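Since the structure is predicted, the reported quantities are computational estimates derived from the model, not experimental observations. Chain letters run A, B, ... following the sequence lines, proteins first and then strands; every chain starts at 1. What's counted below: heavy atoms across the whole structure, side chains too, no hydrogens, waters or symmetry copies.
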Protein chains: 2
Amino acid sequence: MEDEVDRLVAAWRRERPDLDVEPLEVLSRVSRLARHLDRARRLAFAEHSLEPWEFDVLTALRRAGTPYQLSPGQLLTQTLVTSGTMTNRIDRLAKKGLVERLPDPSDRRGVLVRLTGEGRDRADQALAGLLEQERAILAELSPAQRTELAGLLRQLTAPFDNIPG
Amino acid sequence: MEDEVDRLVAAWRRERPDLDVEPLEVLSRVSRLARHLDRARRLAFAEHSLEPWEFDVLTALRRAGTPYQLSPGQLLTQTLVTSGTMTNRIDRLAKKGLVERLPDPSDRRGVLVRLTGEGRDRADQALAGLLEQERAILAELSPAQRTELAGLLRQLTAPFDNIPG
DNA sequence: CCCTGATATCTCGATGTCAAGATAATCGTC
DNA sequence: GACGATTATCTTGACATCGAGATATCAGGG
């Protein structure tokens, strides 16, 4: 089945036959798919009254395991936002009672963000919903294809994630 | 090489061994890679004094071919933003002299957005820069792998692009 | 100790995006 | 040929993000 990127690439080949636009076949699809996924996630989380950005922060803390706390800096590398954004996110989540700020006992510059009980429950519920939705999207592919796709994507993400992105 | 999603998945398997988090292997990588690509694109376009959103609109018009004009509605489906956003983008691009608004002769509700000569030049220059950068990112993969990856991604994007996303 | 550079977080103004609703024109049907 | 439903675009207000700079603390060398 044809997608929007097929049309986009065909248009470039007609308009700019002098250029090799093959890279777009992969990377434009990644960008567009991510955009579609954002929309879908927003809908899925609405059932739990959570925004995607809230989910990202809460689940990062949830994954950390007991006592469910990370520094703002650690949250930055996991969520790929800037420090100003993270300060703002923590403020808003704290106001809703989903996280709390604690002073870092070993570094007075630092802060620890800890998940509250309610924050943990909300994260768990939303994760279950998200996985259900994602399974439906991935039903297009066989298990072997999913593994193959994950592996190819890892090769592209690894340089960003390891060499300081 | 391990990436951040490997760590993320391992953490979930430790914290929530009851859940099957396999979908994240694909879809979290897509979202994170898109985020990295956004940053990289922003840097690449800075050389041409263009923002990513400006590039998206200008190149959609450029691809359309002579006379380089599309309706705002057509631009919406290509760029995946809302109508309010597109109105705003067109305003700003028009103010910079990169596009102009024309009344649609066949539908008085409608508008046509046309690329100016300068807009076309800027789009062409930025595209060349982008392709160069993307080729470097994709150098991680063999040509066969790139084709394989594009095909797998197409299977996921096609439902969104065809059934009205 | 004191300085210098690095690190951790926060502040703040500018900006881009979204969602919902307003306006206006077109289409299909009776 | 008038009516209601649909379509195309724009308006508006709320909000999240970014980037640059400010503040405070830490670590190591002299």
Tell me whether [X] contacts the main-chain N or O of [Y] through its side chain, where contact means a donor paired with an acceptor under 3.5 Å.
| X | Y | result |
| --- | --- | --- |
| R146(A) | L141(A) | yes |
| D6(B) | D3(B) | yes |
| T116(A) | G97(A) | yes |
| R92(B) | N88(B) | yes |
| R29(A) | E25(A) | yes |

I'd like a list of close polar pairs between nucleotides 3-7 of chain C and the protein, N/O only, cut-off under 3.5 Å.
residue : atom : partner : partner atom : Å
dT7(C)  : O2   : R109(A) : NH1          : 2.7

*To 10°, what angle do the rotation axes through the five end pairs on each side of the helix from dC1(C)-dG30(D) to dC30(C)-dG1(D) form?*
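Axis-to-axis angle, ends of the helix: 20°.
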
Give every donor-acceptor pair under 3.5 Å between a side-chain atom in residues 72-81 of chain A and any protein atom, sequence neighbours left out.
residue : atom : partner : partner atom : Å
Q74(A)  : OE1  : S71(A)  : N            : 2.9
Q74(A)  : OE1  : S71(A)  : OG           : 3.4
T77(A)  : OG1  : Q74(A)  : O            : 3.1
Q78(A)  : OE1  : R63(A)  : NH2          : 2.6
T79(A)  : OG1  : L75(A)  : O            : 2.7

*Ignoring backbone atoms, test whether R89(A) places a side-chain nitrogen or oxygen under 4.0 Å from the OP1 or OP2 oxygen of dC10(C).*
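It does not, given that no N or O in the side chain of R89(A) lies less than 4.0 Å from OP1 or OP2 of dC10(C).
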
*ring-ring contact (aromatic ring centres under 6.0 Å, His included) partners of residues 49-78 of chain A, not counting sequence neighbours, each pair once*: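 Every ring-ring contact (aromatic ring centres under 6.0 Å, His included) pair that includes a residue of residues 49-78 of chain A, provided the two are not neighbours, is F45(A)-F55(A).
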
*Salt bridge present between E54(A) and R122(A) (N-O < 4.0 angstrom)*: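 No, E54(A) and R122(A) are not salt-bridged.
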
*Does the pair R42(A)/D38(A) count as a salt bridge with the N-to-O cut at 4.0 Å?*
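Salt bridge flag = no for D38(A) with R42(A).
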
_Expected output is a numbered-order residue list: members of residues 45-82 of chain B with a heavy atom under 4.0 Å from any atom of DNA chain D. What is it?_
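S71(B), P72(B), G73(B), in order of number.
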
*Near DNA chain D, under 4.0 Å by heavy atom, which residues of residues 98-108 of chain B?*
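Listed by number, they are R101(B).
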
*Please state how far atom CE in M86(A) lies from atom P in dC10(C), giving the value in whole angstrom units.*
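Value for this atom pair: 11 Å.
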
Check the interface with nucleotides 11-14 of chain C: list each N/O to N/O pair with the protein under 3.5 Å, or write none.
none

_Start and end of the DNA chain D segment that chain A contacts, any atom under 4.0 Å from a heavy atom_ =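 Under 4.0 Å from chain A, the extent on DNA chain D is dA16(D) to dC26(D).
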
*Co-membership, hydrophobic cluster, residues L37(A) and L37(B), 4.5 Å side-chain*: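 In one cluster: yes.
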
*hydrophobic_cluster_shared for L8(B) and L153(A), side chain cutoff 4.5 Å*: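 In one cluster: no.
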
_Just to verify, what does R109(B) make a salt bridge (charged side-chain N to carboxylate O under 4.0 Å, His left out) with, not counting sequence neighbours?_
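Counting only residues at least two positions away or on another chain, R109(B) forms a salt bridge (charged side-chain N to carboxylate O under 4.0 Å, His left out) with D107(B).
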
_Under the side-chain contact (heavy atoms from CB on, under 4.5 Å) test, residues paired with S142(B) that sit two or more places apart_ =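 Partners of S142(B) under the side-chain contact (heavy atoms from CB on, under 4.5 Å) test: A144(B), Q145(B).
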
_Residues in side-chain contact (heavy atoms from CB on, under 4.5 Å) contact with T147(A), at least two apart in sequence or another chain_ =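 Once residues adjacent in sequence are excluded, T147(A) has no partner under the side-chain contact (heavy atoms from CB on, under 4.5 Å) criterion.
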
*asked:* Among V99(A), L61(A), L112(A), L115(A), which residue satisfies the side chain to side chain contact (heavy atoms under 4.5 Å, CB included) criterion with L70(A)?
replied: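 The side chain to side chain contact (heavy atoms under 4.5 Å, CB included) with L70(A) is passed solely by L61(A) among V99(A), L61(A), L112(A), L115(A).
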
Which side-chain N or O atoms in residues 131-138 of chain B pair as donor and acceptor under 3.5 Å with protein atoms at least two apart or in another chain?
residue : atom : partner : partner atom : Å
Q133(B) : NE2  : A40(B)  : O            : 2.9
R135(B) : NH1  : D20(A)  : O            : 3.0

*asked:* Walk me through whether R41(A) and D56(A) qualify under salt bridge (Lys or Arg N to Asp or Glu O under 4.0 Å).
replied: CA-CA 11 Å; R41(A) 290 206 312 160; D56(A) 287 342; 3.4 Å; yes

